[in-house]
Number of protein chains: 4
Amino acid sequence: MFNDEQNLTEKQRGILAAATELFAEKGYAGTSTSEIAKKAGVAEGTIFRHYKSKKELLLTIVSPTMIKILGPVFKRDFNKVLDKEFDTFQDFIRAMIQNRIKFVKNNTPLLRILIQELPFHEDLKKQFIEHIGKDVFEKLRETVRHFQAKGQLIDTNPDTIIRIVGSSIFSYIISRYIVIPDADWDDEEIEWIIEILTNGISRKES
Amino acid sequence: MFNDEQNLTEKQRGILAAATELFAEKGYAGTSTSEIAKKAGVAEGTIFRHYKSKKELLLTIVSPTMIKILGPVFKRDFNKVLDKEFDTFQDFIRAMIQNRIKFVKNNTPLLRILIQELPFHEDLKKQFIEHIGKDVFEKLRETVRHFQAKGQLIDTNPDTIIRIVGSSIFSYIISRYIVIPDADWDDEEIEWIIEILTNGISRKES
Amino acid sequence: MFNDEQNLTEKQRGILAAATELFAEKGYAGTSTSEIAKKAGVAEGTIFRHYKSKKELLLTIVSPTMIKILGPVFKRDFNKVLDKEFDTFQDFIRAMIQNRIKFVKNNTPLLRILIQELPFHEDLKKQFIEHIGKDVFEKLRETVRHFQAKGQLIDTNPDTIIRIVGSSIFSYIISRYIVIPDADWDDEEIEWIIEILTNGISRKES
Amino acid sequence: MFNDEQNLTEKQRGILAAATELFAEKGYAGTSTSEIAKKAGVAEGTIFRHYKSKKELLLTIVSPTMIKILGPVFKRDFNKVLDKEFDTFQDFIRAMIQNRIKFVKNNTPLLRILIQELPFHEDLKKQFIEHIGKDVFEKLRETVRHFQAKGQLIDTNPDTIIRIVGSSIFSYIISRYIVIPDADWDDEEIEWIIEILTNGISRKES
DNA sequence: GATGAATGAGACTTCATTCAT
DNA sequence: TATGAATGAAGTCTCATTCAT
């Protein structure tokens, strides 16, 4: 996860990896620096040579992550979309879901930490909304307008559509891969989500 | 919040209120018993006279909440709800959303704690699944089957419908009232959620 | 045990009995006043209405005991002895052993406390030596001299004889009934102790 | 006392020494870890860096002592002791007494702790019986049988002889050096103990 | 006299952080 | 640079004792 980061020594990578995993598993406050040191295979003092405090370690993990890792991936997706690679909104959603699932699978611990710690750290929250929230929301808005213009989507406030579609997908993926990762769900459900989002749950007369 | 509970001394109520507020604000692990005592205006020892441990204090706060989460809607005679009160699935959803919004508004701190702490406490998780998962899920399934039989809902696996409808509503309410309580959203959006869930987001030709 | 004590209320007797049992089992420092209260079936405050402190409770149990209970019994025995009821020293020892065993069996918890707490309480130690030590030792000395005069005992310093005979018996009884009460020992061993004390362990030629 | 132990830091030795002294003086339950820290001249936390808990500290102090209690006499080649070094049982007893007196003098505080705490700690009791009880008792039994075979000892159950001789010596040494260390006793009494054990206390006609 | 809720000092223990090596 | 022993503040919890009822 931190392999792509340059200018990090072997030890630093180990510390970050260990801390990420432990924070995700037991929470920030529930993880001790000695546990991190042991898991990373370094001495306790070494952690503090690289990070002034435990809090700084958390911020190091969580803050650049959002900017450097979450950001680009999101943008990558939307560039694809905005390049009009998809003919229908369904295709767009499908691609997004699959992409998000992959992303979540690759970054589960990081996301877990983010979800857990966001409420307790005003600064993190602000950064999150700043970098992800605004940027991404604006691009989604464009996408929706694009498909509305093509006549594929109902003419409601784009934000409403984004929120409903987004929260359906978001909460589905979150529950599925983070909150209850052991539950055993049917994989074709994704198609049903798309179907329902498209045509609703009410039965149409033939 | 704890006013309605009988047979609680003044001090106990104070301790529960202080603990709830602090747990919600700073998390369980991030709150010290001495903080709770100070906020409640009692000696630290008093806390432990009423609750064997800090963990028991958490459970006391959180357990009844879990039971109440989806309970009320189903506590009344369930058949009544199905046969008499609601003609359509939309009406049922609308009632549920409104009921849940009221509940969430009244129990925000409690729910915050629940959401934050669930991942870190195996026992809480187990209780939650016990109380909410099985019981409530089964009743929802019946409801969906009922409306499917009436020809109002598409003939998919009821669990899929529950999951999609449920997660849409759930994540909408949670984001709206707990995660980002200051965001400024349009209240008629609820009707749009229902509309979209019912008919989908795709534009129908006239 | 405290039945014969006059001017004690029902509650006081209960407290003393509970405290004695618990002190014996878990030690003075290892027993809490709340445990005592629960076992005695009274409120915690009640203990402190009768005894100013936990320490005073210990002294109440342990101090008059030595004087009122251990004392008279010892004296009773020695009066019998000094009244020349025994023809031989062996008979005297046998009577004493049996008497002591009975005494120890009836007062096990008290003795346990005494053994455990004596080293930690200078005042107790002093009282013990004062009341038991001197008084009893003097009478034993007379007894030994009596049998030496009758030509039954070797002409050594009486104190040496007392110490050796006494400690043999004492440590035998203590181990047997207090330290390792569950060990399974042969009852006729008492006769062997007397035999060995009398004639030694070396084999005599016929 | 802990000088001979290798691979112990200066601080560890200090902690062990302070704890030993305080446990002996005030008992395990009556000694606080903060007292130990102060006496050892270290921070309280330092204790717990070396010993997981107060209990483990007790075990560290007491366990090796138990093993050494009767060990040394038998650690050397046991047959040598029997066949060559001692011609008579008296010589054997004399050697053992002297050896044990030396040991007790050097380990008074340790033994005090052992005697005080044994009754309250099931685990200690078990260890003790394991180390001392079985092992040593069996070897003593062989010794007694050896001298019985040589015709020096009466033909009783060896266990009886061990118990009487052992408890005489044991309680003599314990009282003399641990319980009442200030009493002023005659040193040649040891010879009298041997004499009495050998020939008994009864006067033989010439 | 009896109660038991309340107290607060102090017990054991953890842990982020420092610093001599 | 890395180490890990040492620290001491702070955490959870216990308990003898007090006091209003």
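The figures that follow rest on heavy atoms only: side chains count, while hydrogens, waters and symmetry mates do not. Throughout, protein chains are lettered first and strands after them, A, B, ... in sequence-line order, and every chain is numbered starting at 1.
A donor-acceptor pair under 3.5 Å is formed between the side chain of Thr60(B) and the backbone N or O of Glu56(B).
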Using the side-chain contact (heavy atoms from CB on, under 4.5 Å) rule, take Leu59(A) and Tyr51(A) through it: C-alpha gap first, then chi angles, then the decisive distance, then the call. CA-CA 10 Å; Leu59(A) 292 177; Tyr51(A) 306 95; over 6 Å; no

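Glu56(A) places its CD atom 12 Å from the P atom of dT18(E), with the value rounded to the nearest Å. In this entry the distance linking CD1 of Ile36(D) with C1' of dT7(F) reads 18 Å, nearest Å. Spacing between atom OH of Tyr51(B) and atom P of dT14(F) amounts to 16 Å, rounded to whole angstrom units. In this structure, NZ of Lys26(B) is placed 13 Å from P of dA10(F), rounded to the nearest angstrom. Rounded to an integer number of Å, the gap from Lys38(C) NZ to dA16(F) P is 13 Å. Taking atom CD on Gln12(C) and atom C1' on dG1(E), their separation rounds to 11 Å, with Å as the unit. dA5(E) atom P lies 16 Å from atom CD1 of Ile47(B), rounded to whole Å. In this structure, the CZ atom of Phe48(A) is 15 Å from the C1' atom of dA5(F), given to the nearest Å.
Of the side-chain N and O atoms in Thr33(C), none sit less than 4.0 angstrom from OP1 or OP2 of dC15(F). At least one side-chain nitrogen or oxygen of His50(C) sits closer than 4.0 Å to the OP1 or OP2 atom of dA2(E).
Closest to the side chain of Lys54(C), out of dT17(E), dG8(E), dA16(F), is dA16(F).
Heavy-atom nearest nucleotides on DNA chain E were determined for Arg49(C) and for Glu44(D), and the one closer to the 5' end corresponds to Arg49(C). Take the nearest nucleotide of DNA chain E for Lys11(C) and for Lys55(A): the residue whose nucleotide is more 5' is Lys11(C). Toward the 5′ end of DNA chain F lies the nearest nucleotide of Thr46(A), the other residue of the pair Thr46(A) and Tyr28(B) mapping further downstream. The residue among Gly41(D) and Ser53(C) whose nearest nucleotide of DNA chain F lies closer to the 5′ end is Gly41(D).
Glu35(D) has a carboxylate O that lies under 4.0 Å from a charged side-chain N of Lys26(D), or vice versa, which qualifies the two as a salt bridge.
Contact annotation: the side chain of Gln116(C) never approaches that of Phe23(C) to less than 4.5 Å [non-hydrogen atoms, C-beta and beyond].
Within 4.0 Å of Ser32(D), counting heavy atoms only, lie sugar-phosphate atoms of the nucleic acid but no base atom.
Between the side chains of Ser34(C) and Glu44(C), no donor N or O sits under 3.5 Å from an acceptor N or O.
The pairing partner recorded for dT7(E) is dA16(F), the criterion being a Watson-Crick or G-U wobble arrangement whose two distances lie under 3.5 angstrom.
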